[in-house]
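Computed from a prediction, not measured in an experiment: that's the story for all the values here. Residue numbers start from 1 in every chain, and the chains themselves are labelled A, B, ... in the order their sequence lines are given, proteins ahead of strands.
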Number of protein chains: 2
Amino acid sequence: MTTDADQNDAARLAPEADAAPLPAPEQEPPLSPGFTDDYLLYLLAAASARASAEFHTLVAAHGLRVPEWRILACLASREGLKVTELAHQTLFDQPRLTKTLNVMERAGLVLRRSDPSDRRLALVSLTPEGRARVEPLLSLARGHEAQVLSRFPAADRRRLKAFLVALAR
Amino acid sequence: MTTDADQNDAARLAPEADAAPLPAPEQEPPLSPGFTDDYLLYLLAAASARASAEFHTLVAAHGLRVPEWRILACLASREGLKVTELAHQTLFDQPRLTKTLNVMERAGLVLRRSDPSDRRLALVSLTPEGRARVEPLLSLARGHEAQVLSRFPAADRRRLKAFLVALAR
DNA sequence: CAAGAATGCATGAAAATTCATGAAAGAAAA
DNA sequence: TTTTCTTTCATGAATTTTCATGCATTCTTG
C-alpha cells in the first residue's frame, strides 16, 4: 500500500530493565535497546518518513510524484518564488529543483518567467492547471494532518509544531 | 558547509492573524502565511532535513556517506539483522539497502552471513573495521544531539521524543 | 566605464535510486 | 512427495539525483 517501510513489525517496544531473575521464556526477539531508538535525528527521520508514507499514496493516486506535490504545495501559497527560494522551501538542492521544474513546466503545471528587473532570476508560479491539480490534494493534506494530529490532545499539537519549527531553525 | 538547505533565510515566523488595520510599512517580503508553514508533514521533513544537515557534514568528514552512516549506526546496537529488518530500521527500501550493503561489504565495513536455519536470510553485522569507523561518529552524534536538545528545557526533550515515536507509529 | 567579483540558474556526466521482476529457499497443500 | 504458494534477497533497466561547473547577468570598485 504505502511506499515502503511497513513490512514486518514483529516485536517492538522492548521493556526497559524489568525484573532481573526473569527466566526469559522467549528467546526469539533479541531486541537490544538500540542507539537509534532514542536518537533525535533518527526519530525525526522516522517520524517524517512513516507519517508521510500514508499521504504519499494519495499523492500518487492523484498522478503526482512526491517532489512535484511538494513544489506545487509551496507554490500554492507563495507565487512567483525565485528558484533558489523555492529550493530552500522544498528542501531540494537547486539543480534538482531546476530539473523537476523543467518536467513540470513541460507538463503545464508551473510557469517560469524571468524577472524584468533582474534577468538572472526565474520566478516560478503555478499555472491554472497546476493549481487545479494541487487544490484537491491540499484539502486531503489538511484532512490527513487532522487525522494524524487527532492522536494528540490539542495543547500538544501546538507544542509539537513549535518544536519542529524550532528544530528547523 | 552543510549539504544544502542553508541559503537565504530572509523572514520567517510570520505572526498569526495580528492586527488587521496594519498599514504594512514594508512591501518587500510578500511572505504569505504559506500552506507549508503550518503543515505537519512539511514541518517534520524540514526539521529532519535541517537538523540533520549539520551532522551530515561530520559524517562526510569521516569519509562516510549518509546512508552508510545510518546503516552502521543501526548495526552498532543490533547485530545480525535480516536485510528486511535493517531496511525497515534504516527507512530504505530493500533493493537500495542491498546495493548499499554490497558496496559496504566490499569496503569491509559489514558482513553478510546466511542464516543456517533458513538459508534465505542474510544476516548483516558489523566488521571490526565497521565498528571502528562508526564508533567515533556515535559519540559525535550523541554530542550533537545534546547540543540540539539543549535549546529545550529537559521536560520538553522527553516530550518531543515521545511525540516523534508516536508519529512514527 | 571597464575590469573583476558575485549571484542565479542551467547543464552534463557520473552515481544513486526506483520499480518490477528474478531466483532460491521454505511452508503449505494436495 | 510433488505442486503451489510465500518469503527473502538480489538484479537490471530506466529514471533521478548529485556534484562540479558553465553561462549570463548584476554588482563593485578603481
Side-chain angles (χ1 to χ4, degrees), chain A residues 1-10 49 52-53 56-57 59-60 63-71 80-107 110-125, chain B residues 1-10 49 52-53 56-57 59-60 63-71 80-107 110-125:
Chain A
M1 251 309 178
T2 61
T3 42
D4 62 329
D6 56 342
Q7 308 165 41
N8 62 16
D9 250 276
S52 298
H56 288 349
T57 64
V59 174
L64 289 173
R65 293 177 314 126
V66 172
E68 296 173 337
W69 148 246
R70 284 228 212 141
I71 291 170
L81 254 54
K82 299 190 297 183
V83 169
T84 305
E85 289 172 343
L86 187 55
H88 185 256
Q89 267 292 123
T90 53
L91 311 172
F92 296 150
D93 69 356
Q94 178 264 310
R96 179 178 175 187
L97 176 62
T98 287
K99 286 168 189 184
T100 305
L101 286 177
N102 290 343
V103 174
M104 296 175 73
E105 193 166 27
R106 270 178 248 127
V110 300
L111 186 68
R112 263 185 283 215
R113 60 182 206 287
S114 132
D115 184 336
S117 79
D118 183 344
R119 292 199 317 270
R120 289 171 303 184
L121 307 185
L123 305 184
V124 186
S125 358
Chain B
M1 252 308 177
T2 61
T3 42
D4 62 329
D6 54 342
Q7 308 166 39
N8 61 17
D9 250 276
S52 299
H56 289 348
T57 64
V59 174
L64 289 173
R65 293 179 314 127
V66 172
E68 296 173 338
W69 147 247
R70 284 228 212 141
I71 291 169
L81 255 55
K82 300 189 297 182
V83 169
T84 304
E85 288 172 343
L86 187 56
H88 185 255
Q89 268 293 123
T90 53
L91 311 172
F92 296 150
D93 68 356
Q94 177 265 310
R96 180 179 175 186
L97 177 61
T98 287
K99 286 168 189 184
T100 305
L101 286 177
N102 290 343
V103 174
M104 296 175 73
E105 193 166 27
R106 270 178 248 128
V110 299
L111 185 68
R112 263 185 282 213
R113 60 182 207 287
S114 130
D115 184 337
S117 79
D118 182 345
R119 295 202 312 272
R120 288 172 302 184
L121 307 184
L123 305 184
V124 186
S125 358

*Looking only at heavy atoms, which two atoms of L101(B) and R112(B) are closest? And how far apart?*
C-NH2, 3.7 Å
For nucleotides 15-17 of chain C, print each protein N/O atom paired with a nucleotide N/O atom at under 3.5 Å, atom names and distance only.
residue : atom : partner : partner atom : Å
dA16(C) : OP1  : R65(B)  : NH1          : 3.4
dT17(C) : OP1  : R96(B)  : NE           : 3.2
dT17(C) : OP1  : R96(B)  : NH2          : 2.5

*OP1 or OP2 of dC9(D) less than 4.0 angstrom from a side-chain nitrogen or oxygen of R112(B), does that happen here?*
no
*CG of L91(A) versus C1' of dT18(D): gap in Å, rounded?*
16 Å
_Whole angstroms only, please: what is the CZ-C1' distance between F92(A) and dT16(D)?_
11 Å
*What distance do K99(A) atom NZ and Q94(A) atom CD have between them, rounded to the nearest 0.5 Å?*
9.5 Å
*Should D115(A) and K82(A) count as side-chain neighbours, where that means a heavy-atom distance under 4.5 Å?*
no
*How close or far is atom P of dC9(D) from atom CG of L86(B), stated in whole angstroms?*
10 Å
*asked:* Looking at every non-hydrogen atom in both residues, tell me the closest pair between A87(B) and L97(B) and how far apart they are.
replied: N-CD2, 3.3 Å
*Has T98(B) got a side-chain N or O lying under 4.0 Å from the OP1 or OP2 atom of dA10(D)?*
yes
_What's the separation between atom CZ in R113(A) and atom CG in L121(A), rounded to the nearest 0.5 Å?_
11.0 Å
_Over all atoms of both residues, closest heavy-atom pair of Q89(B) and L81(B)_ = CG-CD2, 4.4 Å
*In whole Å, what is the span from the CG atom of L101(B) to the P atom of dT8(D)?*
16 Å
*Ignoring backbone atoms, establish whether T84(A) has a side-chain N or O less than 4.0 Å from OP1 or OP2 of dG8(C).*
no
*L97(B) has an atom CG; how far is it from atom C1' of dC9(D), in whole Å?*
10 Å
*Using atom CG of L121(B) as one end and atom C1' of dT8(D) as the other, report the distance to the nearest whole Å.*
7 Å
*Interatomic distance where NE2 belongs to H56(B) and C1' belongs to dT17(D) [whole Å]*: 15 Å
*P67(A) and R96(A): which non-hydrogen atoms are nearest, and at how many Å?*
CG-NH2, 3.8 Å
*In Å and rounded to the nearest 0.5 Å, what is the CG to CG distance from L86(B) to L91(B)?*
10.5 Å
Produce the list of close N/O pairs, under 3.5 Å, pairing protein atoms with atoms of nucleotides 21-26 of chain C; give distances to one decimal.
residue : atom : partner : partner atom : Å
dG26(C) : OP1  : R119(B) : N            : 3.3

*Would you name the heavy atoms of T90(B) and R70(B) that are closest together and state the gap between them?*
O-NH1, 3.0 Å
*Nucleotide dT7(D), atom C1' - distance to NE2 of H88(B) in whole Å*: 17 Å
